[in-house]
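Worksheet: the structure to be examined is printed underneath.
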Amino acid sequence: MAELGPVVWPPAPLQTERLVLREPEARDRAAYIDLFASSQVRTYLGGPRPRAELESAVPEVPGRRPGVFVVDHDEAMVGIVTLDRRDAERPGHVRPDAGEAELSYMFLPKAWGRGYALEACAAALGWFADAFPGEPVVLCTQVANDRSVRVAEKLGFTETERFEEFGAEQWFGAWSSVPRSG
């Protein structure tokens, strides 16, 4: 995935009613590894990665780059939300030149079912709309991941197509930001 482009990073932490979206820190490393090693989390994402591989590969401060937000609840990482540029070679685009921003997220199972994904993704989309006014955002998830499809629809993503990728049918949707006044 390509980086977002010219943007001040990291932004000030984004506060929601229950969460803080912030830049990754060294204290997040163990939770980051748990996230990528979890068979539950990675069910629709190609399966878990081996913990030993992650222990040796994940840097001291994981995910530190523009577009990666750690989702913090009660001063502990419960997930991540990312905004990257979608690779032009992949299926699913809403712009003729491709390169749309793509929203993705993963949360630890202990955070599931509490509305954190919706709350955190809405905050990240709000930040994106201010940083890149008028730019579309896309989201792709397996059709079988009905919870993720519901979150996408609640966030205002509209399904634009379905296609086969990674051996599964994908749900692909688009969200358009409207420049905010004030």
Side-chain angles (χ1 to χ4, degrees), residues 1-2 4 16 18-19 21 24 28 30-54 57-58 62-63 65 67-73 77-95 98-129 135-177:
M1 297 233 174
L4 284 176
T16 71
R18 303 174 294 167
L19 307 170
L21 277 70
D28 303 318
Y32 197 90
I33 289 169
D34 288 345
L35 196 62
F36 283 86
S38 170
S39 60
Q40 288 176 284
V41 172
R42 305 278 303 168
T43 297
Y44 301 104
L45 299 169
R49 300 214 11 229
R51 184 171 289 280
E53 175 188 303
L54 291 165
V58 172
R65 63 180 169 75
V68 177
F69 291 100
V70 161
V71 181
D72 189 310
H73 179 260
M77 178 182 151
V78 295
I80 59 173
V81 174
T82 62
L83 285 154
D84 290 295
R85 296 288 172 189
R86 187 167 176 83
D87 291 334
E89 309 82 50
R90 292 188 59 204
H93 293 282
V94 295
R95 297 187 338 186
E100 307 84 343
E102 181 172 14
L103 176 72
S104 58
Y105 55 91
M106 292 189 297
F107 284 80
L108 293 167
K110 68 181 181 181
W112 291 3
R114 299 172 186 220
Y116 294 162
L118 186 63
E119 189 174 327
C121 289
L125 287 168
W127 169 83
F128 183 85
E135 275 205 44
V137 179
V138 297
L139 185 148
C140 188
T141 188
Q142 284 188 23
V143 170
N145 190 351
D146 58 334
R147 294 173 75 166
S148 187
V149 171
R150 281 196 308 274
V151 168
E153 291 171 340
K154 286 180 181 179
L155 287 166
F157 283 84
T158 302
E159 182 178 351
T160 60
E161 66 179 301
R162 290 185 182 200
F163 49 81
E164 183 86 12
E165 188 181 33
F166 306 121
E169 184 180 20
Q170 304 293 320
W171 183 98
F172 183 81
W175 178 86
S176 294
S177 65

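A heavy-atom distance below 4.5 Å is not found between the side chains of Val143 and Glu159. When side chains are defined from C-beta on, Asp34 counts as touching Arg51, because their heavy atoms get closer than 4.5 Å. The shortest distance between side-chain heavy atoms of Val149 and Phe157 does not fall below 4.5 Å. Contact annotation: the side chain of Phe163 never approaches that of Arg90 to less than 4.5 Å [non-hydrogen atoms, C-beta and beyond]. A heavy-atom distance below 4.5 Å is found between the side chains of Ile80 and Phe36. Inter-residue side-chain proximity for Ser38 and Met106 is flagged as unmet; no heavy-atom pair is nearer than 4.5 Å.
The backbone N or O of Arg95 lies less than 3.5 Å from a partner atom in the side chain of Glu100, making a donor-acceptor pair. With hydrogens and angles ignored, the 3.5 Å screen pairs no side-chain donor or acceptor of Arg86 with any backbone N or O of Val138.
Heavy atoms only, all atoms of each residue included: Ala129 and Trp175 are closest at CB-CH2, 4.1 Å. Closest of all the heavy-atom pairs between Gln40 and Pro109 is OE1-CG, 3.4 Å. The heavy-atom pair separating Glu165 from Pro91 by the smallest distance is OE2-CD, 3.5 Å. Val70 approaches Pro24 most closely through the heavy-atom pair CG2-CA, 3.5 Å.
For the atom pair Ser148 OG and Trp171 CH2, the distance stands at 8.0 Å (nearest 0.5 Å).
Applying the side-chain contact (heavy atoms from CB on, under 4.5 Å) rule to Ala144 yields the partners Tyr44, Gln142; only residues at least two apart in sequence or on another chain are considered.
Note on ring orientation: taking the six-membered ring where Trp is involved, the planes of Trp127 and Phe69 are perpendicular (angle over 60°, cut-offs 30° and 60°).
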Q. Between Ile33 and Arg49, is a side chain to side chain contact (heavy atoms under 4.5 Å, CB included) present by the stated rule, with each step listed?
A. CA-CA 9 Å; Ile33 289 169; Arg49 300 214 11 229; over 6 Å; no

Q: Evaluate the criterion salt bridge (charged side-chain N to carboxylate O under 4.0 Å, His left out) for residue pair Arg114 and Glu119; output intermediate values, then yes/no.
A: CA-CA 9 Å; Arg114 299 172 186 220; Glu119 189 174 327; over 6 Å; no

(Q) side chain to side chain contact (heavy atoms under 4.5 Å, CB included) for Tyr116 and Leu108? Distances and angles first, verdict last. (A) CA-CA 11 Å; Tyr116 294 162; Leu108 293 167; over 6 Å; no

